[in-house]
Amino acid sequence: MNTLLQIATATSTVKTAAPEVEAMNEVAQQTTMGLGELILAGGWLMIPLALLGALTIFVFFERFWAIRKASQLDMNFMNRIRELIYEGKVSGAIQLCKATDTPIARMIEKGIERIGRPLSDVHSSIENVANLEVSKLENGLPLLATTAGGAPMIGFLGTVIGMVQAFMNLSQAGGTVDMALLSSGMYTAMITTVGGLIVGIPAYFGYNYLVARIEKLVFQMESNTIAFMDLLNQPVE
């Protein structure tokens with residue numbers, strides 16, 4: 001009898017708890033938010049973060065392809081330039097530079113056009129072109145650097161605004177702790193922080209990656225400049 005009473009009691013307890021469990025599951029399903037709803041819950045600060053994220057993606061890939069194109073140079077380019085100059089075909093060397101269409105080729109082209117002038121003038125003209133080419137390659141990089149530092153700050157601003165909003169709601173409720181009142185402010189605080197980091201971290205790594213690629217290209221430009229100046233110093237056989 002005792003065993004039967006225990007089983008009956010356990011069965012009734014399970015039946016009583018079942019609706020409560022189902023109610024908790026329904027509440028959990030209702031409180032589950034999609035990605036779009038989370039972004040909207042972040043407030044108006046998600047708009048500048050989204051714009052910065054889109055600009056970061058565009059600038060990174062645009063600069064990546066521009067730097068990659070600028071870095072492509074035939075390994076025999078300087079050898080062909082050397083042969084043409086030794087043969088006296090200066091115009092042919094200039095045409096080769098125009099056809100190559102890279103920063104290094106444009107530097108060498110300017111140097112060829114200055115052949116016959118003092119070497120210091122030739123070197124200065126090449127350096128001027130090199131500075132212009134590097135400046136072109138660096139277009140957009142300040143935006144990445146600004147985004148890398150500014151996006152997390154915007155996210156932090158959203159955190160502060162969200163916490164202020166949460167405490168204002170709590171104060172208006174008369175000090176009664178209600179998670180429903182705090183939820184909107186907490187969403188703004190947490191989501192904007194996450195959004196700022198999601199935008200800022202890729203911008204930071206992308207900026208440093210592109211800077212490293214440009215520095216490598218600058219080294220190649222200096223190397224070819226030295227090779228060209230050595231070419232002018234060598235006697236024609």
Side-chain angles (χ1 to χ4, degrees), residues 35 38-39 42-75 77-78 81 96-114 121-161 190-229:
L35 179 60
L38 285 174
I39 294 175
W44 63 271
L45 285 175
M46 297 300 292
I47 297 176
L49 288 176
L51 293 176
L52 288 176
L55 287 174
T56 296
I57 295 173
F58 172 78
V59 171
F60 174 79
F61 284 103
E62 190 273 334
R63 287 295 87 195
F64 173 81
W65 289 112
I67 296 171
R68 182 179 180 182
K69 180 181 178 182
S71 302
Q72 294 177 350
L73 184 67
D74 186 4
M75 298 299 296
F77 174 76
M78 288 305 302
I81 292 293
L96 176 60
C97 293
K98 292 182 180 295
T100 304
D101 191 22
T102 62
I104 294 176
R106 285 188 282 273
M107 289 167 45
I108 302 302
E109 177 185 355
K110 182 62 65 174
I112 295 174
E113 293 175 350
R114 297 294 188 274
D121 292 346
V122 176
H123 190 269
S124 297
S125 62
I126 293 176
E127 284 187 343
N128 292 334
V129 174
N131 292 331
L132 292 175
E133 294 294 334
V134 172
S135 178
K136 292 179 182 178
L137 293 175
E138 290 178 345
N139 284 338
L141 294 189
L143 175 62
L144 291 181
T146 303
T147 301
M153 296 299 294
I154 294 176
F156 179 70
L157 175 61
T159 300
V160 175
I161 293 175
M190 297 297 102
I191 293 174
T192 53
T193 300
V194 173
L197 293 175
I198 289 176
V199 174
I201 292 174
Y204 175 77
F205 285 106
Y207 170 79
N208 285 281
Y209 174 78
L210 294 178
V211 168
R213 291 289 301 270
I214 292 177
E215 289 179 352
K216 183 179 180 180
L217 179 58
V218 168
F219 176 79
Q220 295 177 356
M221 295 166 69
E222 292 176 350
S223 177
N224 283 272
T225 299
I226 294 173
F228 180 75
M229 297 305 299

Practice task
Could you check if a side-chain atom of Cys97 sits within less than 4.5 angstrom of a side-chain atom of Ile81, using non-hydrogen atoms only?
Solution key: yes

Handout entry: side-chain contact (heavy atoms from CB on, under 4.5 Å) assessment of Met221 paired with Val134
Key = CA-CA 10 Å; Met221 295 166 69; Val134 172; 4.2 Å; yes

Exercise for the section: Over all heavy atoms of both residues, which pair between Ala148 and Ala203 is shortest? Give the atoms and the distance, please. Expected result: N-CB, 3.8 Å

Handout entry: Minimum heavy-atom distance Ile67-Arg213, with the two atoms named
Key = CG2-CB, 3.8 Å

Handout entry: Whether Asn139 side chain and Lys136 backbone form a donor-acceptor pair below 3.5 Å
Key = yes

Handout entry: Separation of Leu144 CG from Asn208 CG (nearest 0.5 Å)
Key = 10.0 Å

Practice task
Could you go through the side-chain contact (heavy atoms from CB on, under 4.5 Å) check for Thr147 and Leu55 one step at a time?
Solution key: CA-CA 9 Å; Thr147 301; Leu55 287 174; over 6 Å; no

Exercise for the section: Please check if atom CZ in Phe77 has more than 12 non-hydrogen atoms from other residues, nucleotides or ligands closer than 6.0 Å. Expected result: yes

Handout entry: Euclidean distance, Thr102 OG1 relative to Asn224 CG, rounded to 0.5 Å
Key = 8.5 Å

Practice task
Test Leu210 against Val59 for side-chain contact (heavy atoms from CB on, under 4.5 Å), laying out the working first.
Solution key: CA-CA 11 Å; Leu210 294 178; Val59 171; 5.7 Å; no

Fill in the blank from the handout: In terms of heavy-atom contacts, Ala105 and Thr100 come closest through CB-CB, 3.7 Å

Fill in the blank from the handout: Rounding to 0.5 Å, atoms CZ (Arg114) and CD (Glu109) come to a distance of 10.5 Å

Fill in the blank from the handout: Nearest heavy-atom approach of Leu49 to Val199 is O-CG2, 3.5 Å

Handout entry: Rounded distance [0.5 Å steps], OG1 in Thr146 versus CG in Leu141
Key = 10.5 Å

Handout entry: CD1-OG1 distance between Ile198 and Thr193, expressed to the nearest 0.5 angstrom
Key = 11.0 Å

Problem - Main-chain N/O of Leu137 paired to Arg63 side chain as donor or acceptor, under 3.5 Å - result: yes

Exercise for the section: Run the salt-bridge test on Glu113 and Lys110 with the 4.0 Å N-O cut-off and return the result as yes or no. Expected result: yes

Exercise for the section: Evaluate whether atom CZ of Phe61 has more than 12 neighbouring non-hydrogen atoms of other residues, nucleotides or ligands under 6.0 angstrom away. Expected result: no

Exercise for the section: For residues Thr225 and His123, determine if any side-chain heavy atom of one lies less than 4.5 Å from a side-chain heavy atom of the other. Expected result: yes

Handout entry: Donor-acceptor pair, side chain of Ser223 and main chain of Phe219, under 3.5 angstrom
Key = no

Exercise for the section: Please assess Arg106 against Leu132 for the test side-chain contact (heavy atoms from CB on, under 4.5 Å), listing each intermediate value before the final yes or no. Expected result: CA-CA 11 Å; Arg106 285 188 282 273; Leu132 292 175; over 6 Å; no

Exercise for the section: Could I get the full list of salt bridge (charged side-chain N to carboxylate O under 4.0 Å, His left out) partners for Glu62, not counting sequence neighbours? Expected result: none

Handout entry: Nearest-0.5 Å distance that lies between atom OH in Tyr209 and atom CZ in Phe64
Key = 4.5 Å

